[in-house]
Amino acid sequence: MKAVQIHGYGDAGVLRYGDVPDPRPNDDDVLIRVIGSSVNPVDWKIRAGHMKDVISFTMPFTPGWDVSGIVVQIGKSVARFQVGDSVYSRPDIARAGTYAELIAVRESEVAIKPRTISHIEAGTLPLAGITAWQAIVTIGQVAAGQRVLVHAASGGVGSLAVQIAKAKGAFVIGTASTHNRDLVESLGVDEFIDYASQPFEEAAKDIDLVFDTIGGTTQDRSWATLSPGGMLVSITSTPSEETARKHGVQSAFLMIGPNVAALDELTALVELGKLRPIIGAEFALADIKSAHELSETGRARGKIAVYVAQP
Ligand SMILES: NC(=O)c1ccc[n+]([C@@H]2O[C@H](COP(=O)([O-])OP(=O)(O)OC[C@H]3O[C@@H](n4cnc5c(N)ncnc54)[C@H](OP(=O)(O)O)[C@@H]3O)[C@@H](O)[C@H]2O)c1
């Protein structure tokens with residue numbers, strides 16, 4: 001099969017498109033013919049070696065941790081799926097990834113894909129969608145009427161977090177720069193803050209939940225926006241418990257993994273018309289280098305979709 005592998009850490013030039021052996025599914029795996037995948041920032045962080053102290057990979061390895069496609073084979077013990085099912089997944093990061101025509105994924109990491117969107121759209125949802133769901137709902141426990149501040153509301157995770165928080169009835173404030181105002185407003189935010197022209201903490205007050213997708217000074221300056229008893233959830237750096245205590249708020253760091261329960265929740269929202277993936281750019285698998293380079297700018301709009309095959 002065709003796949004993209006890396007043989008050593010480095011810049012986007014280390015991504016090599018070529019022929020590799022087909023995966024051999026274990027008894028508890030489904031073999032998926034990949035149609036859509038996507039690029040997430042973790043892909044290039046791993047490719048560049050930024051995470052080698054956290055996760056070790058045996059070279060060469062196939063990156064990519066988003067897939068939507070069709071089941072073409074099932075292992076002996078697989079009970080929930082049949083050949084021909086349209087499925088999606090954020091598979092185990094420690095196994096061969098989704099920049100490939102075929103991937104073997106544990107049944108326990110696979111969900112039926114939303115019926116109302118294409119494989120290309122669904123292939124952009126799992127990793128960012130699970131992250132947004134867990135931050136806003138599982139950890140943030142957002143309730144109707146609460147005020148939620150979503151940083152990078154125009155990004156892959158933020159664009160989904162805004163819609164999930166709106167679906168839960170929250171009042172949502174989203175940050176991005178001016179050129180993304182229309183996009184963020186189209187997601188349904190109640191207020192837009194152009195972080196480049198105004199300190200966001202001057203505009204956002206009495207927040208119940210801050211979703212920090214940026215870290216650094218953005219996280220530092222977010223504490224002041226929170227109401228007593230509020231919460232800051234970060235996916236970029238562990239917030240200081242001491243600072244949280246000082247502000248009378250809670251904090252959490254989230255690192256996601258495969259999560260079928262969250263995928264099923266996302267599917268329900270998509271099929272109700274309350275959640276749609278925002279695709280800002282699309283690339284063929286053979287052009288994955290350009291997709292990584294776009295993600296590394298930090299300026300991507302919505303998700304970066306990767307076409308692997310025709311439906
Ligand atoms: N812990 C986990 O499990 C987990 C899971 C998923 C993602 N992550 C991490 O979360 C981060 C966000 O992921 P992502 O996929 O959403 O990234 P992304 O799609 O690459 O984010 C790009 C967006 O960020 C916006 N942005 C950049 N700087 C900003 C700032 N200072 N304030 C507000 N918006 C800003 C940009 O808008 P403008 O061009 O308008 O600035 C752009 O639209 C990444 O670091 C990723 O690795 C962690």
Side-chain angles (χ1 to χ4, degrees), residues 37-48 50-51 54-55 63-66 90 92-93 123-136 138-140 149-164 172-187 189 191-201 203-204 210-222 225 232-239 251-259 262 266 277-281 291-306:
S37 182
S38 91
V39 170
N40 293 285
V42 71
D43 300 16
W44 54 260
K45 291 177 186 177
I46 286 175
R47 186 215 70 218
H50 297 333
M51 298 181 69
V54 186
I55 319 165
W65 293 285
D66 265 333
R90 186 294 203 175
D92 183 355
I93 209 158
T124 69
L125 261 186
L127 192 151
I130 291 170
T131 308
W133 179 269
Q134 286 196 230
I136 300 294
T138 316
I139 299 177
L149 172 62
V150 177
H151 286 297
S154 52
V157 176
S159 60
L160 300 170
V162 165
Q163 297 178 70
I164 292 168
V172 181
I173 303 169
T175 71
S177 63
T178 309
H179 73 286
N180 283 320
R181 174 184 281 270
D182 288 353
L183 167 65
V184 173
E185 287 181 345
S186 77
L187 303 173
V189 287
E191 280 176 22
F192 172 82
I193 300 175
D194 173 1
Y195 71 86
S197 68
Q198 170 187 28
F200 66 81
E201 63 273 33
V210 171
F211 185 22
D212 168 32
T213 58
I214 302 289
T217 56
T218 297
Q219 183 181 105
D220 297 342
R221 290 159 49 207
S222 291
T225 67
L232 184 150
V233 178
S234 181
I235 53 170
T236 54
S237 53
T238 308
S251 66
F253 176 68
L254 166 65
M255 179 62 77
I256 70 125
N259 186 334
L266 297 170
I278 305 298
I279 297 180
H292 271 230
E293 286 167 348
L294 171 60
S295 181
E296 285 181 81
T297 65
R299 298 271 87 81
R301 286 159 59 88
K303 291 288 311 173
I304 301 170
V306 177

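In listed order, ligands and their atoms are each counted from 1. Basis for what follows: all heavy atoms, side chains included, without hydrogens, waters or symmetry-related copies. These figures come from a predicted structure and were not determined experimentally.
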With side chains defined as the heavy atoms from C-beta onward, is the minimum distance between [X] and [Y] less than 4.5 Å?
X	Y	result
Phe211	Val157	yes
His151	Ser222	yes
Ile164	Leu266	yes
Val172	Leu187	no
Thr175	Leu149	yes
Asp66	Ser37	yes
Phe200	Thr218	yes

[X]: numbered ligand 1 atoms lying under 4.0 Å from its heavy atoms:
X	value
Met255	1 (N), 3 (O)
Thr175	33 (C)
Leu127	6 (C)

Please list the nearest protein heavy atom to [atom] with its residue and the distance rounded to 0.1 Å.
atom	answer
atom 10 (O) of ligand 1	Ile235 CD1, 3.1 Å
atom 19 (O) of ligand 1	Gly156 N, 2.8 Å
atom 37 (O) of ligand 1	Ser154 OG, 3.1 Å
atom 11 (C) of ligand 1	Thr213 O, 3.3 Å
atom 17 (O) of ligand 1	Pro41 CG, 3.5 Å
atom 2 (C) of ligand 1	Leu254 O, 3.6 Å
atom 21 (O) of ligand 1	Gly155 CA, 3.8 Å
atom 40 (O) of ligand 1	Ser177 OG, 2.5 Å

Give a yes or no on whether the backbone of [Y] and the side-chain of [X] come within a donor-acceptor separation of less than 3.5 Å.
X	Y	answer
Ser295	His292	no
Gln219	Ser237	yes
Gln198	Asp194	no

Exercise for review: Identify which one of Arg90, Lys303, Lys45 satisfies the side-chain hydrogen bond (donor to acceptor under 3.5 Å, both in side chains) criterion when paired with Asn40.
Suggested key: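 The single option meeting the side-chain hydrogen bond (donor to acceptor under 3.5 Å, both in side chains) with Asn40 is Lys303.
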Review point. Which option, Ala152, Gly257, Ser159, Ala300, owns the non-hydrogen atom nearest atom 42 (C) of ligand 1?
Key: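 Checking each option, the heavy atom nearest atom 42 (C) of ligand 1 is found in Ala300.
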Using heavy atoms and a threshold below 4.0 Å, how should the contact between [X] and ligand 1 be classified: side chain, backbone, both, or neither?
X	result
His179	side chain
Ile214	side chain
Asn40	neither
Asn180	side chain
Thr131	side chain

Are any of the heavy atoms in [X] under 4.0 Å away from ligand 1?
X	value
Ala128	no
Thr178	no
Arg299	yes
Lys45	yes

Practice item. With side-chain contact (heavy atoms from CB on, under 4.5 Å) as the test, would you mind laying out the steps for Asn180 and Asp182 before giving the verdict? Key: CA-CA 6 Å; Asn180 283 320; Asp182 288 353; over 6 Å; no
Practice item. State, to 0.1 Å, how close Ala262 and Ile130 come at their nearest heavy-atom pair, and which atoms those are. Key: CB-CG1, 4.1 Å
[X] N/O to ligand 1 N/O under 3.5 Å:
X	value
Tyr195	yes
Ala176	no
Thr236	no
Ile256	yes

